[in-house]
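Written out below as structure tokens is the structure these notes cover.
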2 protein chains.
Amino acid sequence: MKQKTATTIFESLSSSIRLDIFRLLVKKGYSGLVAGEISTSLGIAPNNLSFHLKALTQAGLLTVEQEGRYQRYRADINLMQDLITYLTDECCSEDICTQSADTPSNICVQTFSKNKS
Amino acid sequence: MKQKTATTIFESLSSSIRLDIFRLLVKKGYSGLVAGEISTSLGIAPNNLSFHLKALTQAGLLTVEQEGRYQRYRADINLMQDLITYLTDECCSEDICTQSADTPSNICVQTFSKNKS
DNA sequence: TGATTATTTCAATAATTCTTGTAATATTGA
DNA sequence: TCAATATTACAAGAATTATTGAAATAATCA
């Protein structure tokens, strides 16, 4: 994953409106929702919603499918897993992880669990 | 996790400078780095770096420990796992997941893998 | 103590993002 | 075709965030 991709995803989810939209669509699963339903459900003005849907879609967090005059949006959470990998794949590569095993703020927990399983 | 916590984390990582800082510290593991080392390593002016370190720390992504006249920063990636849970814990709760099993953009993959393992 | 170094704070400007209103586009149904 | 509905595009002002320079704070060392 490129850095630009990552910052775009984070930027997309840094707005409470967009986070609400994404979580709503995650909940709705494959069914997704059309723009009007999202607008009603979250109480966001259609034009403002369109602005945020565009941002989420461009970040790759949503997919859109045309259904007649409706646009159906769905969340794509696969991208989230790639994002975590991007953040943590070099975890502790320049440090001895074991040092942190017994500290309260253990930044290597994820790496440890990966190794254990 | 509260919505405000989540948006703050996303906002923190939406800047390329802050993403660089976080990834650098993830790499450095428990050793972490002091502010001056981060400044040199990434070529960021000390006062600007301080601005971004403050943002990351307030979001909970970094911890700070005083060492004499140095401030040692460390990444806390545990928070990332909580964040993923916040995003996906209600995944497909209002939809039949199986519908998406054979589609290219399968938003439920994560849920499926969880169930399989 | 006095000088030096590390880091943070503050203020000002530049840049970016959000929201709203209005208009445009496109599909549906009579 | 015409009217109604769904959605998007554009433009302008308000609000927020980033960067820089200068100064302040605090710890170290001679």
Side-chain angles (χ1 to χ4, degrees), chain A residues 3-25 28 31-76, chain B residues 3-25 28 31-76:
Chain A
Q3 192 208 47
K4 180 64 184 168
T5 309
T7 54
T8 303
I9 295 170
F10 286 125
E11 203 278 323
S12 296
L13 295 173
S14 69
S15 139
S16 61
I17 286 186
R18 288 194 293 267
L19 187 54
D20 283 340
I21 295 170
F22 185 73
R23 295 226 313 155
L24 174 63
L25 288 172
K28 295 292 178 180
S31 301
L33 289 174
V34 298
E37 292 173 327
I38 301 171
S39 177
T40 304
S41 179
L42 297 179
I44 304 165
N47 53 355
N48 194 20
L49 177 65
S50 179
F51 172 83
H52 292 298
L53 286 175
K54 192 177 172 187
L56 286 163
T57 305
Q58 284 180 344
L61 288 163
L62 303 184
T63 61
V64 203
E65 189 183 357
Q66 182 131 19
E67 282 182 12
R69 60 174 156 172
Y70 301 93
Q71 301 281 337
R72 182 164 299 272
Y73 289 89
R74 296 184 179 91
D76 182 358
Chain B
Q3 193 209 45
K4 180 64 184 169
T5 308
T7 54
T8 303
I9 294 169
F10 286 126
E11 204 279 321
S12 296
L13 295 173
S14 68
S15 140
S16 62
I17 285 186
R18 287 194 294 265
L19 187 54
D20 284 341
I21 296 169
F22 185 73
R23 295 226 312 153
L24 175 63
L25 288 172
K28 293 295 178 178
S31 301
L33 289 174
V34 298
E37 292 172 328
I38 302 171
S39 177
T40 304
S41 179
L42 298 177
I44 306 165
N47 52 352
N48 195 21
L49 176 66
S50 179
F51 172 82
H52 292 298
L53 286 175
K54 191 177 171 185
L56 286 162
T57 304
Q58 283 179 344
L61 288 163
L62 302 184
T63 61
V64 203
E65 188 182 358
Q66 181 132 18
E67 281 183 14
R69 56 176 161 171
Y70 301 93
Q71 301 283 333
R72 182 164 298 272
Y73 289 88
R74 297 184 179 93
D76 183 357

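Side-chain atoms are counted along with the backbone in the values below, which use heavy atoms only and exclude waters and symmetry mates. Order of the sequence lines sets the chain letters (A, B, ...), proteins ahead of strands, with each chain counted from 1.
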Phosphate OP1/OP2 of [N] contacted by [X] side-chain N/O (<4.0 Å):
X	N	answer
A:Y70	D:dT8	no
A:N48	C:dT19	yes
A:H52	C:dT19	yes

Nearest-angstrom distance from the residue atom [atom1] of [X] to [atom2] of [N]:
X	N	atom1	atom2	result
A:L53	C:dC18	CG	C1'	15 Å
A:F10	D:dT17	CZ	P	18 Å
B:L33	C:dT7	CG	C1'	15 Å
A:I21	C:dC18	CD1	C1'	13 Å
A:L42	C:dT19	CG	P	13 Å
A:E65	D:dT7	CD	P	14 Å
B:Q66	D:dA27	CD	C1'	8 Å
B:Q58	D:dT17	CD	P	12 Å

Please evaluate the base of D:dT28 for a donor-acceptor partner in the side chain of B:R69 within a cut-off of under 3.5 Å?
->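 No, the side chain and the base share no sub-3.5 Å donor-acceptor pair.
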
Pairs flagged by side-chain hydrogen bond (donor to acceptor under 3.5 Å, both in side chains) wherever residues 39-55 of chain A is involved - sequence neighbours left out =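 For residues 39-55 of chain A, and leaving out neighbouring residues, the side-chain hydrogen bond (donor to acceptor under 3.5 Å, both in side chains) pairs sorted by first residue read A:R18-A:H52, A:N48-A:H52.
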
Looking only at side-chain atoms of A:A35, point me to the closest of D:dT8, C:dT17, C:dT8.
->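 Of all the options, the side chain of A:A35 is nearest to D:dT8.
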
If you check every side-chain atom of A:N47, which of C:dT9, D:dT7, D:dA9 has the closest atom?
->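 From the listed options, D:dA9 comes nearest.
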
Specify the residue among B:F51 and A:F51 whose closest nucleotide of DNA chain C lies further upstream toward the 5′ end.
->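 Counting from the 5' end, the first nearest nucleotide belongs to B:F51.
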
With DNA chain C as reference, determine whether A:S15 or B:Y73 sits nearer its 5' end, using the nearest nucleotide of each.
->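 It is B:Y73 whose nearest nucleotide is closer to the 5' end.
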
Evaluate the side-chain contact (heavy atoms from CB on, under 4.5 Å) criterion for residues B:L25 and B:I38: first the C-alpha distance (whole Å), next the side-chain angles of each, then the deciding distance (0.1 Å), finally the verdict.
-> CA-CA 9 Å; B:L25 288 172; B:I38 302 171; 4.2 Å; yes

Which part of the nucleic acid, if any, lies within reach of A:R18 when heavy atoms closer than 4.0 Å are counted: base, sugar-phosphate only, or nothing?
->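 Touches sugar-phosphate only.
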
Name the nucleic acid region contacted by A:L49, choosing base, sugar-phosphate or nothing; use a 4.0 angstrom heavy-atom cut-off, strictly under.
->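 Nothing, no nucleic acid heavy atom in range.
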
CD1 of A:I21 to CD1 of A:I44: how many Å apart, nearest 0.5 Å?
->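 Going from CD1 on A:I21 over to CD1 on A:I44, the span is 4.5 Å.
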
For the atom pair CG (A:L13) and CG (A:D20), what is the distance rounded to the nearest 0.5 Å?
->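 One finds 11.0 Å between CG of A:L13 and CG of A:D20.
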
Hey, mind stepping through A:L19 and B:Q3 against side-chain contact (heavy atoms from CB on, under 4.5 Å) and telling me if it holds?
-> CA-CA 8 Å; A:L19 187 54; B:Q3 193 209 45; 3.9 Å; yes

